[in-house]
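On a predicted model such as this, the values are computed, not experimentally measured, just so you know.
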Amino acid sequence: MICYDTVGRNSPIWSCASCFSIFHLPCIRKWARSPTSSDLSAPASRNAFEGNWRCPGCQAVQLISADELHYYCFCGQIEEPSLDYYITPHSCGGPCRKLLDRGKNGRCKHHCTMQCHPGPCPPCMALAPPQSCPCGKNTFILKCSEQDKGASTCFQPCGRALYCGRHVCNQLCHEGACNPCEVVVSAKCFCGRQQEGMLCGQLDPPGEMDWSMGVFSCELDCGRVLPCGQHHCLEKCHPGSCGECMLSPSVICTCPCGKKTVAELLGPGVSRRNCTDPVPTCLEACGKLLPCQKHLCQKLCHTGPCPPCEIPVEQKCRCGASARTVACYIAVHKGNNEDKLEDSDKVLFLCDRKCGKKKNCGRHRCSERCCSGANEEVQVEQSDSENSHLCTLPCGKRLRCKQHDCHALCHAGHCPPCLETTFTELSCACGQTAIPPPVPCGTPLPSCQYPCSVPQVCGHEVTHLCHFGDCPPCTVPVAKECVGNHVVLRGVPCGSRDIKCNKLCGKTRQCGLHACARTCHVGPCDVEAETVGQKQISCNQPCGAPRRDCPHTCSAICHPASACPEIPCKVTVSINCICGRLTAEVPCDSGGPGNHGLSESATMALSRLAVPLQPLEGRQRERVPLGRRKLACDEECAKLEKKRLLADAFSATAPGEVGLGLEGGIVGSEMLMEIARRDPQWVASIEDRFKYLLLGPKNGPGASLRLHVFCALAIERREAIHLMGERWGLTVTGFGREPRRFVVAHVTTKSKLPARSLFSKGPVLPSAGQARQPPFDPLVDMDPGLVVALLDLPRDADVSTLVLRFGGECELVWLNDRNALAIFSDAARAATALRRVDHSSVYRGAAGMPPPRGSSVLRGGLHATSMAGAKPPLLSKGMQDSNWVEDAWSDEQRSLKQEMGAWQRNALPITTKNPWATLGQVNHQSEGSSSSSKLPLPASSSEAPSIKNRASGAGVVGSKQASISSSATILQSQTLDGSDDDWEKALEEGGL
């Protein structure tokens with residue numbers, strides 16, 4: 001419909017005269033003007049495209065324009081009827097007066113007498129004039145509305161004469177014409193040789209007949225003797241007399257060809273007297289049209305039928321591809337008309353060519369020999385029933401219902417829909433939703449919106465809807481152990497099977513020597529194999545046992561029942577000259593039977609070397625593996641060595657060396673070389689931190705994973721740290737987003753010391769345990785107060801407290817499945833997380849602890865004396881963070897501050913928003929350091945003058961800054977005393 005609003009009492013309406021549907025007048029006008037309502041097949045009386053629109057209820061065409069629609073009462077007599085609450089809404093209250101007869105016969109002339117009403121008028125109840133029954137024997141009186149139904153019958157025999165005119169109708173009184181006469185009469189044919197029973201209604205003409213003369217033809221030769229008495233009638237069985245003999249002298253007046261008369265041929269005075277006299281012939285050609293309907297008879301005038309046509313013609317085969325020359329009577333025209341053949345000599349000409357054309361289905365091809373369907377001329381004349389390319393194979397395709405096959409002939413296109421229907425309701429699995437019968441075949445199962453009624457095997461609540469078949473796996477997230485029993489994975493769907501982690505399997509193989517090197521997998525590590533006695537079976541992995549003659553491992557396939565084969569080592573190693581400038585890749589070649597001479601692979605590698613090997617002397621002449629030999633230095637090496645000696649003598653840098661070098665003497669990355677030239681102090685500080693990670697102490701919390709977090713750096717410096725980490729074998733990973741992206745470096749089992757430092761004149765790397773911890777540098781190291789360490793987490797550890805409470809304030813960095821870091825942007829929140837989160841610990845990187853805010857320690861503590869007169873960057877940053885102006889520091893106070901000890905600097909009140917100093921003091925107390933245990937904290941009276949002097953010297957600190965400082969002091973004292981463990985609560989009590 002076009003409107004869903006309720007029709008009110010005072011709303012103008014329009015009622016359809018066909019379906020009596022009621023619509024709002026504005027809505028129906030809008031509908032009449034819309035293009036979708038027009039019906040161009042029924043032109044209107046005024047405008048063929050404006051006044052023809054369809055009723056939305058019955059689709060009846062309305063031949064009236066939208067502008068001519070007005071508000072009338074239901075009977076149409078009053079325009080815009082007034083509102084009256086005592087009568088039907090939209091009714092004028094007067095008589096309806098609509099014509100009751102709405103049929104086509106126009107018999108009823110009465111009008112509706114009801115009050116103006118909606119809907120159709122009731123049937124007319126007036127009595128109609130008397131009507132007789134169909135047979136006319138009785139008379140009936142009916143209501144006016146029942147006249148269209150016809151008069152009632154009298155249920156007596158009809159008695160009207162039938163069409164045959166020989167019998168009457170024996171049916172009961174009925175309407176319409178009587179049925180044909182079905183009386184069976186005995187009739188004979190015209191020739192009198194056959195007699196059979198026939199229906200009277202089938203015999204013509206109607207009326208009385210002379211049954212002795214016959215009433216039908218038997219289609220046989222008549223055979224009656226003609227009036228001549230010598231011949232018989234050759235026509236088919238026919239009514240009436242047979243006629244005159246065809247050979248009678250009165251009938252035949254010419255010769256058989258018709259060119260000359262009989263009188264001319266017999267001469268004067270001679271004539272034929274009866275039908276038995278011969279018919280004279282002339283000496284001219286016959287000239288009659290032969291049965292081929294193309295040629296004339298060429299023989300002399302003769303009696304009887306003409307002989308077959310002997311004229312040679314070209315006969316085409318049925319498909320039209322081949323042709324031959326034969327007599328005309330043998331040729332069969334129109335190809336496939338075999339009924340015209342009269343003797344065995346007249347046969348169809350068929351070639352041996354197969355058709356091969358596709359049939360009407362488009363799937364199969366015609367395999368008939370000399371097919372008439374290949375001849376386009378013959379194919380045009382054939383009907384669909386005679387089409388030789390009509391595929392007669394059954395279709396057999398599966399219908400869309402997926403249950404029945406198509407029984408029609410093979411066809412092109414889609415199969416028709418399945419016509420099978422079931423009379424049982426189609427319900428869902430739980431039975432709460434069903435489709436009532438009849439249900440056409442192929443109807444999809446009803447979609448049920450109720451939950452599945454089958455309980456889960458695991459015991460969890462059902463989360464899927466009603467369905468057929470097996471239930472899907474449970475999707476409730478749970479913690480499950482991997483198939484290799486390595487780790488417990490959280491958030492795994494309950495129904496998941498064969499959970500795999502990314503760790504190596506590690507189970508012992510069938511050899512009993514090696515661990516499975518595959519990633520966590522299902523099933524046994526080894527394929528089942530037959531054992532020979534009690535011997536161990538190879539696992540087909542590399543042996544890996546250390547070789548006796550070199551530091552490499554055995555590369556042969558696992559051989560548990562035998563010793564490692566004595567063959568030369570084929571591992572490629574790098575050899576160089578004495579100065580290290582020349583390098584080459586050669587096989588190790590250690591070991592082997594007899595341990596004398598070079599192996600074949602070593603000999604080939606030796607032949608490809610660009611420079612010779614250094615000669616052996618004395619006892620070295622014995623067999624030395626190729627991997628332990630040295631290359632002979634060339635002239636360029638001698639020149640470089642000479643330059644180096646001169647540079648060492650004059651304490652200068654040799655040309656081209658640029659003060660840097662790797663194992664080969666030259667830095668591999670141009671970017672790293674450029675950074676080392678611009679800022680060698682920064683590169684040295686990175687190398688010091690890597691040195692401390694490898695050589696520093698390995699005891700304390702988190703000792704199983706030694707790591708360091710660098711501060712947010714530019715992309716080129718992060719790449720430099722990655723390149724330097726590769727030299728040291730450290731794992732360097734980047735985290736975060738620009739511009740706060742930082743890197744984390746940690747030690748692995750492959751970490752090792754490089755052969756030399758990046759700086760050619762740098763000191764030799766110390767042995768393990770002798771490296772000193774570098775000082776904290778804010779331009780290199782991440783502030784430890786922003787990092788919370790989660791190291792060596794147990795399998796059942798839960799970090800939900802960190803995620804739920806501090807999820808939006810920190811970035812959780814997972815280094816592996818047991819170690820993580822939480823990087824905060826606010827040190828106060830980091831201190832709270834350190835106390836609140838389980839398994840959390842203080843982060844200790846490769847650099848020392850940062851100095852307290854306001855200390856005089858410069859960057860890294862490396863240039864405190866060399867930068868006289870310059871403002872320390874860390875001091876400036878601390879002054880800026882704590883809202884102190886530069887003029888507030890006098891020279892005496894600055895010198896006094898530099899002379900203060902570490903314990904006195906730690907005792908200063910917190911004046912910044914970063915309470916890391918408080919956290920550092922708490923950590924020192926918990927660790928029992930000597931400075932915090934032996935030296936007492938200064939009294940509050942000694943601190944007050946210092947605070948007072950700073951506040952008075954500033955002169956620009958407002959009341960709000962003073963309240964922050966006082967609150968921070970309260971927070972420090974409460975934290976040190978242990979009276980309050982939550983800095984948020986302390987700030988609230990401090991009135992901040």
Side-chain angles (χ1 to χ4, degrees), residues 491 502 669 671-672 675 679 682-683 685-687 689-690 692-693 702 705-726 728 730-748 751 774 776-791 793 797 799-834 836-837 839-847 849-850 859-860 873-874 877 881 912-916 919:
N502 57 356
S669 172
M671 181 190 67
L672 186 57
I675 294 178
D679 196 352
W682 182 84
V683 176
S685 63
I686 300 298
E687 202 168 49
R689 281 149 182 79
F690 287 172
Y692 187 79
L693 284 178
L705 183 68
R706 287 168 289 163
L707 57 93
H708 184 75
V709 183
F710 294 91
C711 64
L713 299 170
I715 183 171
E716 60 176 5
R717 302 218 170 203
R718 295 200 304 269
E719 292 180 0
I721 295 178
H722 278 278
L723 295 175
M724 296 173 65
E726 292 178 0
W728 292 74
L730 301 177
T731 299
V732 181
T733 311
F735 300 97
R737 297 183 179 180
E738 299 290 354
R740 300 177 59 86
R741 188 167 177 82
F742 58 93
V743 292
V744 179
H746 63 89
V747 180
T748 63
S751 301
F776 174 79
D777 189 348
L779 300 180
V780 177
D781 308 313
M782 177 72 73
D783 190 351
L786 303 177
V787 184
V788 176
L790 301 171
L791 305 178
L793 294 175
V799 294
S800 58
T801 303
L802 178 66
V803 176
L804 295 178
R805 184 170 180 179
F806 305 97
E809 306 177 36
C810 68
E811 180 168 354
L812 187 60
V813 175
W814 285 95
L815 304 176
N816 48 41
D817 57 346
R818 295 187 59 188
N819 298 275
L821 297 175
I823 312 299
F824 286 81
S825 59
D826 188 359
R829 299 299 290 166
T832 303
L834 186 62
R836 298 295 185 183
V837 178
H839 309 289
S840 61
S841 60
V842 177
Y843 159 72
R844 297 187 182 278
M849 298 299 292
R859 174 188 171 187
L874 184 59
K877 187 176 185 302
D881 292 345
T912 64
K913 298 180 181 180
N914 186 356
W916 173 248
L919 182 60

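When all heavy atoms are compared, the tightest approach of L793 to H839 is CD2-CB, 3.6 Å. Residues A822 and C810 share a closest heavy-atom pair of CB-SG, 4.4 Å. Of all heavy-atom pairs between A827 and L786, the closest is N-CD2, 3.4 Å. What you find for W682 and L713 is that their closest heavy atoms are CZ2-CD1, 4.1 Å. Heavy-atom minimum distance, F776 versus A847: CA-CB, 4.1 Å. Closest approach of L672 to A720, counting heavy atoms only: CD1-CB, 3.9 Å.
In this structure, the separation between CZ on F742 and CD1 on I721 is 12.0 Å, given to the nearest 0.5 Å. The structure places CD1 of I686 at 11.5 Å from CH2 of W728, a figure rounded to the nearest 0.5 Å. Interatomic distance, CG of L815 versus OG1 of T733, reported as 7.5 Å (0.5 Å rounding). Expressed to the nearest 0.5 Å, how far CD1 of I715 lies from CD of E738 amounts to 6.0 Å. The CG atom of L723 sits 7.5 Å away from the CD atom of E719 when rounded to the nearest 0.5 Å. The distance from the CG atom of L707 to the CG atom of L730 is 11.0 Å, given to the nearest 0.5 Å.
Without hydrogens or angle criteria, Y843 side chain to L821 main chain gives no donor-acceptor distance under 3.5 Å. Judged by distance alone, with hydrogens and angles left aside, the side-chain atoms of S840 form a donor-acceptor pair with the main-chain N or O of L834 at under 3.5 Å. A donor-acceptor pair is defined here as one N or O able to donate and one able to accept, closer than 3.5 Å; such a pair exists between the side chain of D781 and the backbone of D777.
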- Under the side chain to side chain contact (heavy atoms under 4.5 Å, CB included) rule, what do R717 and F710 come out as? Steps first, then yes or no, please. CA-CA 11 Å; R717 302 218 170 203; F710 294 91; over 6 Å; no
- Message: Checking L790 against V837 for the side chain to side chain contact (heavy atoms under 4.5 Å, CB included) test, could you report, in this order, the C-alpha distance in whole Å, the side-chain angles of both residues, the deciding distance, and whether it holds?
- Response: CA-CA 9 Å; L790 301 171; V837 178; 4.2 Å; yes
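Looking at residues two or more places apart in sequence or on another chain, you find no ring-ring contact (aromatic ring centres under 6.0 Å, His included) involving F735. Every residue two or more places apart in sequence or in another chain was checked for a salt bridge (charged side-chain N to carboxylate O under 4.0 Å, His left out) with R740, and none qualifies. Residues satisfying the side-chain hydrogen bond (donor to acceptor under 3.5 Å, both in side chains) criterion with E726, sequence neighbours excluded, are absent altogether. For E811, the salt bridge (charged side-chain N to carboxylate O under 4.0 Å, His left out) test picks out no residue, with sequence neighbours left out. Partners of E716 according to the salt bridge (charged side-chain N to carboxylate O under 4.0 Å, His left out) rule, which considers only residues two or more places apart in sequence or in another chain, are R678. Not counting sequence neighbours, the partners of S751 by the side-chain hydrogen bond (donor to acceptor under 3.5 Å, both in side chains) test are T748.
Looking at V788 and F824, their side chains come closer than 4.5 Å, going by heavy atoms from C-beta outward. With contacts defined as side-chain heavy-atom distances shorter than 4.5 Å, the pair E809/D826 does not qualify.
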